[in-house]
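Just so it is clear, the structure is predicted and the values come from calculations on it, not from any experiment. The figures that follow rest on heavy atoms only: side chains count, while hydrogens, waters and symmetry mates do not. Within every chain, numbering begins at 1; the chains are lettered A, B, ... in the order of the sequence lines, protein sequences first and strands thereafter.
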Amino acid sequence: MIALVDCNNFYASCEQIFNPLIQNKPIVVLSNNDGCVIARSNEAKMLGIKMGDPAFKNRHIFKKYSVYIFSTNFALYSDLSNRVMSILAEAIPLIEIYSIDEAFLDYSGLSEPKKHAQAIRNKVMQQTGISVSIGIANTKTLAKVANRIAKKEVKSGIFHLHCQDEIRDSLKKLPISKLWGVGRRYSQKLELYGIRTAYELTQRSNSWIQRNMSIVGLKMVKELRGIPCFQLETAFQWKKSIRISRTFREGIHLFSVLTQAMSTYAFMCGAKLRKQRSCAGTITIFIITNPFKHECHVNYKGILTIYLETPTNDSLKIVSAAISGLRSIYRRDCIYKKAGVIVSGIVPQSQVQLSTFDDIKDLDRRHRLMQAVDAVNESYGQMKICLGINGFEQKWKLKQEYLSPRYTTRMDELLKIRT
DNA sequence: TCTGGGGTCCTAGGACCC
DNA sequence: TCTGGGGTCCTAGGACCC
């Protein structure tokens, strides 16, 4: 038996705790640059403000109903999260902290799970002021379903989903898109096959499910049928990738501004790496143009993966690798990869060495590639620059060749598409 | 005018070797 | 010179989560 504890409207609740004036008021928390709504209080939800909606679409609602608006304060949220999690861990040591506001608890062998959950819920409220919903069931996926019911339909905020009839009925009521593990793509696909509820999905054969949704989808459906497939991950996990990425408020047209930003983010990545005592084996940098800007008919991504000869967590080395990578994208010392995506190269000892256009013997082809990259360069940095670092757990190695034949094949395909 | 940031995992298909 | 089956490794891309 597993319990899923989920904090209600977590970021919004955190803001409310320290400000009595905004209790029971509509409040929203906005993302970086005040772009999107990423948390809402119940009152804000009732005004029809949607999760993930761009803030500008809701400005009139904010004004009309005097909605309180906050920018994110992650220091506050993670501090409160830690407090909640330690209360949970005190009650049940076998705990998987699933996200900043959610945890799975091992409830096996508990004779009165609902009573226990009630005690936890009270304690968290009493000691932190955060209200939580708790769903209890035999598998993680069913606990998710139970939690949804606890949050929406039950006053006590606690729901134990165990008898077969009840499970069947709740799955019949659950729209397929709301199921844990079914996102936008899968729900579109499943609806094409006439599957609208979680129950209808459980009626499909195992082979059909695996064919269409991979092994992960099959595990999820088995869990809906009551067979545990996802274990509780109670051990601490090192991060396998670390990333800093930002969207700019305005388009960026100066290379110097890009390098400045890239340095900052690279430096921050280094700090995060050192904090968990890891080293990066590869560094990936990428830049994306504004996907919502319609006048530029193609949107571009510039991606460069740098394979470090020696894994490192030295911020200065990471910064210099990132900057030389960025410069090489900018100088177009690189190979166009496929529509909207450029470059992948190898950087021994932080020196960018990429294949250049000179390597392309076919003059016509070379010309078309250069045109394509020009188009990319022109639209650079209009909106987004990202720096990610990953792979420090993976085997690192210095590649002997700049480009594999396979890569070239894909470029040929691309050229077919573009011409 | 204004659309987030940080993660994980699986799979198909090519490279390469025997 | 041509053909081939089987295995492993790697990576790009696609899916998902909060």
Side-chain angles (χ1 to χ4, degrees), chain A residues 4 6-7 9-11 28-39 50-60 62 71-72 74 77-78 81 97-104 140-141 144 147 177-190 210-220 230 233 237-251 265 268-269 272 282 284 286 288 290-294 299 301 303 305 307 337-338 340-341 344 383-391 393-397 399-401 403-410 413-414:
Chain A
L4 172 62
D6 188 319
C7 302
N9 315 330
F10 185 57
Y11 296 170
V28 293
V29 179
L30 303 183
S31 63
N32 177 41
N33 288 336
D34 293 344
C36 285
V37 175
I38 56 171
K50 299 260 177 348
M51 183 73 169
D53 243 13
F56 72 87
K57 276 192 189 168
N58 288 293
R59 288 288 174 204
H60 62 287
F62 294 167
S71 298
T72 49
F74 279 105
Y77 310 152
S78 65
S81 171
I97 298 172
Y98 180 69
S99 73
I100 193 162
D101 69 336
E102 274 175 84
F104 290 101
K140 279 181 161 180
T141 311
K144 273 273 182 188
N147 190 281
S177 63
K178 304 293 182 193
L179 186 58
W180 189 48
V182 174
R184 190 168 49 89
R185 295 296 182 134
Y186 279 157
S187 60
Q188 279 173 0
K189 183 174 175 178
L190 293 172
Q210 179 158 1
R211 198 164 60 245
N212 287 283
M213 304 179 70
S214 89
I215 188 71
V216 186
L218 180 58
K219 284 182 178 175
M220 175 196 73
F230 300 123
E233 314 237 338
Q237 307 246 336
W238 300 99
K239 293 239 182 308
K240 293 170 183 165
S241 71
I242 283 174
R243 163 194 308 225
I244 302 282
S245 67
R246 289 292 179 278
T247 299
F248 293 118
R249 189 185 284 270
E250 287 161 358
Y265 305 149
M268 289 159 75
C269 272
K272 282 193 177 186
T282 67
T284 302
F286 58 104
I288 305 169
N290 188 343
F292 298 101
K293 208 159 186 175
H294 296 302
N299 285 298
K301 286 192 259 183
I303 302 177
T305 299
Y307 297 81
K337 202 177 82 188
K338 75 174 221 190
V341 181
S344 182
M383 165 180 171
K384 198 164 194 171
I385 177 169
C386 309
L387 177 133
I389 295 198
N390 54 36
E393 290 270 302
Q394 296 163 9
K395 250 187 312 183
W396 55 276
K397 77 177 191 192
K399 295 244 173 148
Q400 298 302 310
E401 295 166 328
L403 289 170
S404 63
R406 169 185 166 205
Y407 218 62
T408 324
T409 314
R410 295 204 174 180
E413 284 168 12
L414 157 73

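- Each of B:dG6, C:dC18, C:dC16 was ranked by its minimum atom distance to the side chain of A:Ser245; first place goes to B:dG6.
- Residues satisfying the side chain to side chain contact (heavy atoms under 4.5 Å, CB included) test with A:Arg185, not counting sequence neighbours, are none.
- At the phosphate of C:dC16, neither OP1 nor OP2 sits under 4.0 Å from any side-chain N or O atom of A:Lys144.
- At the heavy-atom level, A:Phe10 lies nowhere under 4.0 Å from the strands shown.
- To the nearest whole angstrom, the two P atoms, one in B:dT3 and one in C:dC18, are 25 Å apart.
- When heavy atoms are screened at a 4.0 angstrom cut-off, A:Lys50 is found touching no nucleic acid atom at all.
- Dashed line: the shortest gap from a side-chain N or O of A:Lys178 to OP1 or OP2 of C:dC17 is not under 4.0 Å.
- Checked against side chain to side chain contact (heavy atoms under 4.5 Å, CB included), A:Asn32 has the following partners two or more places apart in sequence or in another chain: A:Arg246.
- With sequence neighbours left out, A:Glu233 forms a side chain to side chain contact (heavy atoms under 4.5 Å, CB included) with A:Glu96, A:Lys140, A:Gln237.
- For the pair A:Ile244 CD1 and B:dG5 C1', the computed distance is 9 Å after rounding to whole Å.
- Here the side chain of A:Trp180 is nearest to one of C:dC17, B:dT3, B:dG6, namely C:dC17.
- Taking every side-chain heavy atom of A:Asn32 into account, B:dG4 is the closest of C:dC18, B:dG4, B:dG7.
- Here A:Ser31 pairs with A:Cys36, A:Ile38 under the side chain to side chain contact (heavy atoms under 4.5 Å, CB included) rule; sequence neighbours left out.
- The CZ-P distance, from A:Phe74 to C:dC18, rounds to 15 Å in whole Å.
- Regarding contacts with the backbone of B:dG6, every side-chain N or O of A:Arg243 stays at 4.0 angstrom or more from both OP1 and OP2.
- Closest contact between the side chain of A:Ser31 and the listed nucleotides B:dG4, C:dC18, B:dG7 involves B:dG4.
- Nucleic acid contact for A:Lys219: none, since no nucleic acid atom lies under 4.0 Å from a heavy atom of the residue.
- In DNA chain B, runs of at least 3 consecutive Watson-Crick or G-U pairs, each pair with both distances below 3.5 Å, span B:5-18 with C:5-18.
- Set against B:dG5, C:dC16, B:dG7, the side chain of A:Arg246 has B:dG5 as its closest nucleotide.
- Comparing C:dC16, B:dT11, B:dG7 by their closest approach to the side chain of A:Ser214 singles out B:dT11.
- For A:Asp6 and C:dC18, the CG to P distance is 8 Å, given to the nearest whole Å.
- Comparing B:dT11, B:dG5, C:dC18 against the side chain of A:Thr247 picks out B:dG5 as the nearest.
- A side-chain donor-acceptor contact under 3.5 Å links A:Ser214 to the backbone of A:Val216.
- The shortest heavy-atom contact between A:Val37 and A:Phe62 is CG2-CZ, 4.2 Å.
- For the pair A:Ser241 and B:dT8, the criterion of a side-chain N or O lying under 4.0 Å from OP1 or OP2 is met.
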Working for side-chain contact (heavy atoms from CB on, under 4.5 Å), residues A:Met213 and A:Leu190:
CA-CA 10 Å; A:Met213 304 179 70; A:Leu190 293 172; 4.1 Å; yes
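- Candidate nucleotides C:dC16, B:dG5, B:dC10 were compared by shortest atom distance to the side chain of A:Ile215, and B:dC10 ranks first.
- An OP1 or OP2 oxygen of B:dT1 is reached within less than 4.0 angstrom by no side-chain nitrogen or oxygen of A:Arg59.
- Under the salt bridge (charged side-chain N to carboxylate O under 4.0 Å, His left out) criterion, A:Lys219 pairs with no residue at all, not counting sequence neighbours.
- Residue contacts for A:Leu218: at a heavy-atom cut-off of 4.0 Å it reaches no nucleic acid atom on any strand shown.
- Listed pair A:Ser99 / B:dG7 fails the phosphate criterion, with no side-chain N or O lying under 4.0 Å from OP1 or OP2.
- Proximity note for A:Cys36 (side chain, C-beta onward) versus B:dG6, C:dC17, B:dT3: the nearest is B:dT3.
- In this structure, A:Asp53 atom CG and B:dG4 atom P are separated by 12 Å, rounded to whole Å.
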